[in-house]
Amino acid sequence: MDLIGPDHSLYDVLRKPALPLYDDIRPAAIARCSSSSDVIEALAYARSANLPVTPRGGGHCFAARSSTTGLMLDLSPLSTISVEPTAALATIGAGARLASVYRGLHEYGLTIPAGCGPTVGIAGLTLGGGLGLLGRRYGLTCDRLVAATVVLADGNVLTCDAERESDLFWALRGAGGGQFGVVTSLVFNAVPSPTATRFKLTWPRSRAAEVISAWQSWAPDAPDELTASLTVNANHVQVFGATLTAFDPGPLATLAPEIDLLAGLTWPELKASLSEGGPDNRIIHSKSEFFRDPLPPDAITQLLNAGCELNFTPMGGVYNRVPVDATAFAHRTERFLLEHAGPDRNAVRRSWSIAHAYASGAVYPNFPDPELTDAHTSYHGPNFPRLRDIKAKYDPSNVFHFPQSLGGPR
Ligand SMILES: Cc1cc2nc3c(=O)[nH]c(=O)nc-3n(C[C@H](O)[C@H](O)[C@H](O)COP(=O)(O)OP(=O)(O)OC[C@H]3O[C@@H](n4cnc5c(N)ncnc54)[C@H](O)[C@@H]3O)c2cc1C
């Protein structure tokens with residue numbers, strides 16, 4: 001393990017989270033971990049120095065949960081990807097980022113359903129669920145997880161799967177980020193890396209109300225092979241995504257969009273074509289919720305007047321065919337996720353309040369919101385009581401904690 005303090009030249013690079021909003025939360029030290037033994041050593045050091053400790057994978061947490069003023073465990077050296085092609089099993093180090101996961105698996109003709117941000121960490125994404133362009137076809141990223149290696153706070157190393165430590169394995173799939181222990185590797189049941197069509201349908205912002213209306217009664221019920229997200233910003237409204245079959249824009253065709261199609265893309269090419277533009281260095285606030293019913297026209301008009309960027313993600317498909325209690329991820333009956341984002345925190349709050357009146361109250365654990373009044377129910381629904389018991393079993397001293405964690409703050 002390399003222990004890096006504030007006087008080390010690497011310190012500033014390593015401590016920077018993906019969201020500039022949290023640049024000022026500075027760790028006392030950073031432990032660079034390249035093995036489970038390094039993690040054990042780092043946890044022992046934190047204990048002896050009486051420092052709070054938190055793991056960081058890709059550093060993209062919206063609520064700064066991988067930032068600390070104590071000891072940050074930087075897992076990025078743990079980024080090996082190995083594949084057993086005949087069994088379609090991929091073992092991925094907890095520090096790997098999505099772009100390298102897609103590239104690494106594609107060499108074997110494989111992939112996993114996972115998110116879009118190329119630098120998002122595979123660990124944080126999987127442990128909180130994992131929504132992406134293949135999710136309506138193959139489920140959440142965590143639905144493809146078949147085993148994980150975890151270092152507990154006391155230094156014990158466990159392998160968990162459906163048979164071994166099955167409670168922990170259940171909890172990791174949707175509620176595992178920074179809660180029970182430090183995951184060092186993840187094993188996935190991979191799927192064939194498809195050839196696909198990337199589509200973008202664009203309208204001027206003045207058409208946003210009718211596009212949202214049509215989208216919300218179409219995208220969540222579209223064929224599993226098609227994922228169409230919707231974004232509204234100050235200039236335009238755009239429906240974009242991927243399809244594994246011939247592209248059919250459904251009722252959106254009648255709204256005469258400007259259409260941009262790229263057919264015959266390999267999966268890494270398709271992912272890259274949707275993440276142009278590089279890192280976003282603006283300070284952005286965001287809040288989000290799930291919805292089981294369409295938003296009524298009045299609410300859509302009010303939302304558009306609130307002035308935030310609106311990002312709609314469709315659920316349905318295979319996401320919703322997994323029972324609520326099969327994994328810790330409880331949100332299996334939602335139609336879509338709506339995120340409100342922008343530089344003005346109060347505008348984001350106003351926009352969220354307008355939509356909140358129609359929301360299910362469920363919140364995606366990977367889009368955490370420190371302002372929730374009943375966070376455990378919002379994140380975990382009926383799975384919360386079981387999760388609380390599993391937390392007490394695997395992290396009885398509440399070493400892994402943050403304001404809304406299962407063991408509460410310390
Ligand atoms: C630009 C951007 C794009 C995104 N795109 C998507 C998307 O397409 N789909 C989607 O579903 N989500 C997306 N997200 C949300 C993303 O899933 C979460 O932010 C996720 O938590 C990021 O994981 P990370 O490893 O990068 O973050 P981190 O901040 O490193 O970790 C997140 C949480 O997991 C914990 N953690 C990290 N590694 C481990 C480990 N090895 N063991 C135990 N706990 C660990 C951390 O302590 C923290 O609590 C996006 C976020 C951003 C900022």
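Please read all numbers here as calculations on a predicted model, not as lab measurements. Read the numbers this way: they start at 1 and go in the same order the structure lists the ligands and their atoms.
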Quick test: of every protein heavy atom, which one is nearest to atom 34 (O) of ligand 1, and how far off is it to 0.1 Å?
G177 CA, 3.6 Å
Would you say the side chains of R332 and T327 form a donor-acceptor pair under 3.5 Å?
yes
Work out whether the distance between some heavy atom of G181 and some atom of ligand 1 is less than 4.0 Å.
yes
Once rounded to the nearest 0.5 Å, what's the spacing between atom CZ of F180 and atom CG of L152?
11.0 Å
Return yes when at least one protein heavy atom is under 4.0 Å from atom 20 (C) of ligand 1, and no when none is.
yes
Between E225 and T243, is there a side-chain donor-acceptor contact under 3.5 Å, judged purely by atom types and distance?
no
Ligand 1 to G115, heavy atom cutoff 4.0 Å, flagged ligand atoms 7 (C), 8 (O), 9 (N)
Between D23 and K16, is a salt bridge (Lys or Arg N to Asp or Glu O under 4.0 Å) present by the stated rule, with each step listed?
CA-CA 6 Å; D23 271 359; K16 271 193 176 298; 3.2 Å; yes
Proximal atoms of ligand 1 relative to C61 (non-hydrogen, under 4.0 Å)
19 (O), 27 (O), 29 (O), 32 (C)
Nitrogen or oxygen atoms of G59 and ligand 1 under 3.5 Å apart
yes
When only distance counts, is T119 in polar contact with ligand 1, meaning an N/O pair under 3.5 Å?
no
How far does CZ of R32 sit from OG of S76, to the nearest 0.5 angstrom?
4.5 Å
Under 4.0 Å to a heavy atom of T54 - the qualifying atoms of ligand 1, by number:
47 (O)
For R56, counting its heavy atoms only, list the atoms of ligand 1 lying under 4.0 Å from any of them.
30 (O)
Looking only at protein heavy atoms, which one is nearest to atom 13 (C) of ligand 1, and how far off is it?
F367 CE1, 4.0 Å
For T184, is at least one N or O under 3.5 Å away from an N or O on ligand 1?
no
Lys/Arg N to Asp/Glu carboxylate O, D260 vs R198, below 4.0 Å:
yes
Any idea which protein heavy atom is nearest atom 12 (N) of ligand 1, and the distance to it?
L125 CD1, 3.6 Å
Element-labelled atoms of ligand 1 that are located less than 4.0 Å from some non-hydrogen atom of L75:
40 (C), 41 (N)
So is F180 touching ligand 1 or not, going by heavy atoms under 4.0 Å?
no
Among all the protein's non-hydrogen atoms, which is closest to atom 35 (C) of ligand 1, and how far away is it?
G178 N, 3.4 Å
Please report which non-hydrogen protein atom sits nearest to atom 26 (O) of ligand 1, along with the residue it belongs to and the distance in Å to one decimal place.
G121 N, 2.9 Å
Do any N/O atoms on F62 end up under 3.5 angstrom from N/O atoms on ligand 1?
no
Judged on heavy-atom distance to atom 4 (C) of ligand 1, which of L73, V53, L131, V120 sits nearest?
V120
State which residues pass side chain to side chain contact (heavy atoms under 4.5 Å, CB included) with S288; sequence neighbours excluded, sorted by chain then number.
L337, E339, F367
Pull out every atom of ligand 1 sitting under 4.0 Å from any heavy atom of L19, numbered as shown with elements.
53 (C)
Is ligand 1 less than 4.0 angstrom away from at least one heavy atom of F402?
no
Using distance alone, decide if ligand 1 has a nitrogen or oxygen within less than 3.5 Å of any nitrogen or oxygen in G132.
no
Take every heavy atom of P55, measure it against each atom of ligand 1, and state whether any distance is under 4.0 Å.
yes
Within a distance under 4.0 Å of any heavy atom of C116, pick out the atoms of ligand 1 and give their elements.
7 (C), 8 (O)
Less than 4.0 angstrom from a charged side-chain N to a carboxylate O is my criterion; do D389 and R386 meet it?
no
Using the six-membered ring of F290, assess whether NZ or CZ of R292 lies under 6.0 Å from its centre and within 45 degrees of the ring axis.
no
Run the salt-bridge test on R26 and D12 with the 4.0 Å N-O cut-off and return the result as yes or no.
yes
Hey, is A18 one of the residues with a heavy atom under 4.0 angstrom from ligand 1?
no
Rounded to the nearest 0.5 Å, what separates atom OH in Y358 from atom OG in S360?
15.0 Å
Taking only residues two or more places apart in sequence, or in another chain, which ones meet D221 in a side chain to side chain donor-acceptor pair (under 3.5 Å)?
R335
Would you check whether V183 has a nitrogen or oxygen atom less than 3.5 angstrom from a nitrogen or oxygen atom of ligand 1?
yes
For atom 48 (C) of ligand 1, what's the nearest protein heavy-atom neighbour? Residue, atom name and distance, please.
R65 CB, 3.9 Å
Thinking salt bridges, do D74 and R56 make one under a 4.0 Å N-O criterion?
no
Could you tell me, atom by atom, which parts of ligand 1 come under 4.0 Å of a heavy atom of G130?
11 (O)
CG-CZ distance between L261 and F199, expressed to the nearest 0.5 angstrom:
9.0 Å
Among protein heavy atoms, which lies nearest atom 52 (C) of ligand 1, and at what distance?
H60 CD2, 3.7 Å
